[in-house]
Amino acid sequence: MNRLGLRGRLLIAQLLVLFVGAATLTVVATLVAAPLFHYHLAHAGVEDAQVRLHTEEAFAQAGAVALAAGAAVALGAAAITSVVLMRRITAPVSRLVEATGHVARGRYDAPITRSGDADFARLENAFADMAGRLYTTELSRRRLLDDLAHELRTPVATLEAYLEGIEDDVLPADATSWQVMHHQLDRLRRLVSDLSDLSAADEHALDLHPEEGDLAATVAASVSAAAPRFADKQVGLEADLPESLPPVRFDPQRVAQILTNLLENALRHTPAGGRVVVTCERADRATVRVRVRDTGGGIPADQLDAVFERFHRVDPARSPGGSGLGLTIARSLARAHGGDLTAASDGPGRGARFDLTLPANGGQAETTASRTL
């Protein structure tokens, strides 16, 4: 039965229904018609028993032949109609099966001939949407692998060159060489950690432990931790934070991770003598905003959203270091908190600002006093 396919099973089901209907009609007609005809014939005044018997036999035979002929013709017509209908009903399914085969072979743009039926149209639209998402996912996967290979190539090549140089006595095994190799290992370690966070974000499995805490204190701690790196590069770092904020429920470690990524990004794109300012304020009654503003190279208007894509760099030639995943992870963490992370810039060479918004839990008034770090 399973070898017949959907079309064969539907056709057999239709014919079984028709056969049962015809058999039922024949039995009922036989049981009802003969007694009813005998009753009317008896009341018609026919006295001769032979005449009545012959008439009843003639009626029975005529009725049986008529029923048999009608049932045969009806079954034949129904079979032809069923075949035509089954083909029309199963044709969209056959097309979808064919399209599924194309998708399985990697042809995500396989065309689907649309049917006029509303139910099948919904199925076809759902399939086309699924194929489109698979195509997008496949493109993202290929791009991720290409970008990952590119990101790995530099530290691996550097480590290989230094190790070979030391083995061949071309490079000295001094503190400078070990520092370079440690730096490349740290870069690889950071890339692996970021990839782990990115995978968790893609699977909506980020590990969050939200609690009601002091957002300003978390921002202040992140700024203090980043201050030595800014000082080494001679970039000014300031924080203008309010004395109090509305209650915010967040994961302190994850928000600190967001701020660390934002500060690292600002430091990477701000030249010596530049300045980075971090502010924290109540954006409106429902949200609190943390803003990181720098005086660096800025972001073109057409790349304000693209900077959050994995491995995206505004100017690869001027963006050394970093895994290229920091902003992607930061936005995923912000959205996992029910907030968002957006970028804005007045254009190339005019700096950039990143706004982290988090939902506020209450309406605690904010004082006008502030503290500057």
Side-chain angles (χ1 to χ4, degrees), residues 2-11 13 84-151 194-208 254 258 287 299-314 323-344 355-359:
N2 292 331
R3 296 180 180 178
L4 294 175
L6 177 61
R7 182 179 300 176
R9 291 197 298 270
L10 286 175
L11 179 59
V84 174
L85 289 177
M86 289 308 101
R87 287 181 177 176
R88 291 181 60 87
I89 291 174
T90 59
V93 177
S94 299
R95 291 196 295 267
L96 281 178
V97 170
E98 183 179 357
T100 302
H102 289 305
V103 171
R105 292 189 292 272
R107 288 188 52 196
Y108 300 103
D109 57 345
I112 301 176
T113 304
R114 304 289 180 168
S115 61
D117 184 84
D119 292 327
F120 277 115
R122 288 198 298 270
L123 178 60
E124 290 158 352
N125 290 334
F127 181 87
D129 182 65
M130 180 199 69
R133 290 177 181 272
L134 288 174
Y135 178 66
T136 302
T137 301
E138 178 64 15
L139 288 181
S140 299
R141 185 188 67 83
R142 292 177 182 176
R143 187 175 63 180
L144 174 61
L145 292 176
D146 290 341
D147 291 339
L148 183 58
H150 175 75
E151 292 296 325
D194 287 348
L195 283 172
S196 177
D197 287 338
L198 183 63
S199 176
D202 288 342
E203 297 173 4
H204 304 286
L206 286 169
D207 187 22
L208 294 182
R254 289 301 193 178
I258 296 173
T287 57
I299 305 173
D302 60 346
Q303 296 189 40
L304 288 175
D305 198 59
V307 295
F308 296 104
E309 297 178 1
R310 58 191 68 181
F311 297 113
H312 178 85
R313 289 188 172 91
V314 176
S323 66
L325 299 172
L327 292 179
T328 307
I329 295 170
R331 172 176 271 189
S332 297
L333 289 170
R335 290 179 173 176
H337 279 84
D340 203 359
L341 180 62
T342 57
D355 288 345
L356 166 65
T357 55
L358 297 172

For residues 335-344, tabulate all N or O donor-acceptor pairs below 3.5 Å that involve a side-chain atom, not counting sequence neighbours.
from	atom 1	to	atom 2	distance (Å)
Arg335	NE	Asp340	OD1	3.0
His337	ND1	Leu333	O	2.8
His337	NE2	Asp251	N	3.1

Short side-chain to backbone donor-acceptor contact, Thr328 and Phe308, under 3.5 Å: yes
Sub-4.5 Å side-chain heavy-atom contact between Ile258 and Arg254: no
Step-by-step side-chain contact (heavy atoms from CB on, under 4.5 Å) determination, Met130 to Thr100: CA-CA 11 Å; Met130 180 199 69; Thr100 302; over 6 Å; no
Neighbour count above 12 (heavy atom, 6.0 Å) for Tyr135 OH: no
